[in-house]
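Below: the structure, in structure tokens.
Throughout, numbering of the chain's residues begins at 1 and tracks the sequence. For ligands, and for the atoms within them, numbers begin at 1 and follow the listed sequence.
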Amino acid sequence: MEQVRNIVILTGAGVSAESGIGTFRDAGGLWENHRVEDVATPEAFARDPDLVFRFYDTRREQVLQVEPNAAHHALARLQREWPARTGGSVMLVTQNVDDLHDRALGAADGAEVIHMHGEHLSAWCTACDGRTRWTASLIDSPPCPSCGAPALRPDIVWFGEMPYRMDEIFAALEDADLFVSIGTSGAVYPAAGFVRTAADMGAHTLELNLEPSQGTDWFDEARHGPATQTVPVWVEEMLKGKG
Ligand code: BV8
């Protein structure tokens, strides 16, 4: 593997599984017998807003009761230490809408977590387009703290909606020496296509997952096992000998 400076990491539900947040595949892709695609879409929200509010209010509550695990903490350590040790960069992109990466990272200057599919702990006002940190429920249509309109929705990217910060993510993929995918099945696009973009741009590609993902053939290297075991070992390897 060439000299690695710039790393792009993509995570999915598997990195939070050992913190007690079920993955999409775990439940066979279902929530209360609703296909996820039937509650995580603008059409579902228009058709039955209470059903969608309950889906997210329940999951938002759950996030507040769980803690980051060893995989989240190891990745936060890499984000804090790699740039100082190598002059390189680490971009952490997550499909997860929980805040476990953020809590593990804490206020590390210059480092952040890019939530390409949004966040549970954020509410989006469809009247003034404002976004506000939110930990309570949304089902009773509380007023927007900025404009007062009862127009808050979960700040989540639903199926059919454009994921966030795509320009920054693709720019980093084009510059990456190493692309690492952790705890994701590779079932949902555009995230599932990142490995091909990175590979086409010459990056080395590594999959850390419990089992081979749908895109496993696109990876130069794969290590299978629980994230709390594979990720700390990999981070230790990356930082070893780096001053
Ligand atoms: C868009 C927020 C267009 C909601 C989510 C190309 C081909 C086919 C279809 C499409 C395509 N392009 C677009 C589509 C449509 C669609 C899509 O991909 N559909 C799929 C179902 C085929 N994509 C979209 O709609 C996207 N938007 O394309 O917009 C557009 C373009 C221009 C302008 C406007 C619009 C938006 C997709 C985002 C939807 N929102 N999340 C919410 O969370 O409620 S997606 C959601 O599902 C997650 O964020 C994540 O992305 C995905 C679930 O995947 P994973 O995270 O990987 O979880 P999963 O359970 O599947 O797998 C877990 C893995 O972990 C497993 O492999 C397991 O083995 C492993 N694991 C388990 N335990 C552990 C572990 N690994 C390690 N350790 C463990 N302990």
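When the heavy atoms of Leu210, Asn209, Thr230 are ranked by distance to atom 66 (C) of ligand 1, first place goes to Asn209. The heavy atom nearest to atom 1 (C) of ligand 1, considering only Met162, Glu207, Glu161, is found in Glu161. Of all the listed residues (Thr228, Val157, Thr11, Val188), Val188 holds the heavy atom that lies closest to atom 37 (C) of ligand 1. Around atom 65 (O) of ligand 1, the closest heavy atom drawn from Ala40, Ser185, Gly14, Ala192 belongs to Gly14.
Ligand 1 has no nitrogen or oxygen under 3.5 angstrom from a nitrogen or oxygen of Pro190. In terms of polar-atom proximity, defined here as any N/O pair under 3.5 Å, Asn96 makes no such contact with ligand 1. In terms of polar-atom proximity, Trp158 is not counted as a contact of ligand 1, lacking any N or O under 3.5 Å from an N or O of the ligand. Between Ala17 and ligand 1, no pair of N/O atoms sits closer than 3.5 Å. Close N/O approach between Ile156 and ligand 1 is not found [any backbone or side-chain N/O within under 3.5 Å]. Between Ala227 and ligand 1, an N or O atom pair is found at a separation short of 3.5 Å. Of the polar atoms of Gly12, none of the N or O atoms is found under 3.5 Å from an N or O of ligand 1, judged by distance alone.
Seen from the ring of Phe45, Arg47 does not count as a face-on cation partner, given the 6.0 Å and 45° thresholds. Cation-pi check for Arg153 over Trp158 is met; the charged atom lies under 6.0 angstrom from the ring centroid and within 45 degrees of its normal.
Distances from ligand 1 to the non-hydrogen atoms of Gly160 include at least one value under 4.0 Å. Under a 4.0 Å heavy-atom criterion, Pro154 is not in contact with ligand 1.
Taking a 4.5 Å side-chain heavy-atom cut-off between Ile, Leu, Val, Met, Phe, Trp and Tyr, the cluster of Trp124 extends to Val157, Tyr164. With a 4.5 Å cut-off between side-chain heavy atoms of Ile, Leu, Val, Met, Phe, Trp and Tyr, the cluster of Met166 takes in Val8, Leu10, Met91, Val93, Ile114, Met116, Met162, Ile169, Phe170, Leu173, Phe179, Phe194, Val195, Trp218, Phe219.
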Begin from the C-alpha positions of Arg77 and Glu236 and carry the test salt bridge (charged side-chain N to carboxylate O under 4.0 Å, His left out) through to its verdict. CA-CA 10 Å; Arg77 178 183 171 217; Glu236 194 56 43; 2.9 Å; yes
Please lay out, stage by stage, how Glu112 and Arg165 fare under the test salt bridge (charged side-chain N to carboxylate O under 4.0 Å, His left out). CA-CA 13 Å; Glu112 64 164 339; Arg165 319 248 326 239; 2.7 Å; yes
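The distance from ligand 1 to the heavy atoms of Ala187 drops below 4.0 Å at these ligand atoms: 20 (C), 22 (C). Here is the list of ligand 1 atoms found below 4.0 Å of a heavy atom in Arg59: 42 (C), 43 (O), 44 (O). Counting the atoms of ligand 1 from 1 in the order shown, those under 4.0 Å from a heavy atom of Gln95 are 48 (C), 49 (O), 50 (C), 51 (O). Taking every non-hydrogen atom of Tyr56 and a distance limit under 4.0 Å, the qualifying atoms of ligand 1 come out as 4 (C), 42 (C), 44 (O). Interface atoms of ligand 1 facing Glu18, defined by a heavy-atom separation under 4.0 Å, are 78 (N), 79 (C), 80 (N). Remark: ligand 1 atoms within the under-4.0 Å shell around heavy atoms of Pro226 are 78 (N).
For the pair Glu67 and Arg103, the salt-bridge criterion is met [side-chain N within less than 4.0 Å of a carboxylate O].
In this structure a side-chain-to-backbone donor-acceptor pair under 3.5 Å is missing from His204 to Asp220.
His224 and Thr230 share no side-chain donor-acceptor pair at under 3.5 Å. Counted by atom type alone, Asn69 and Thr228 present zero donor-acceptor pairs between their side chains at under 3.5 Å. A side-chain donor from one of Glu207 and Ser213 sits under 3.5 Å from a side-chain acceptor of the other. Looking only at atom types and distance, the side chain of Thr11 has no donor-acceptor partner in the side chain of Gln95 under 3.5 Å away.
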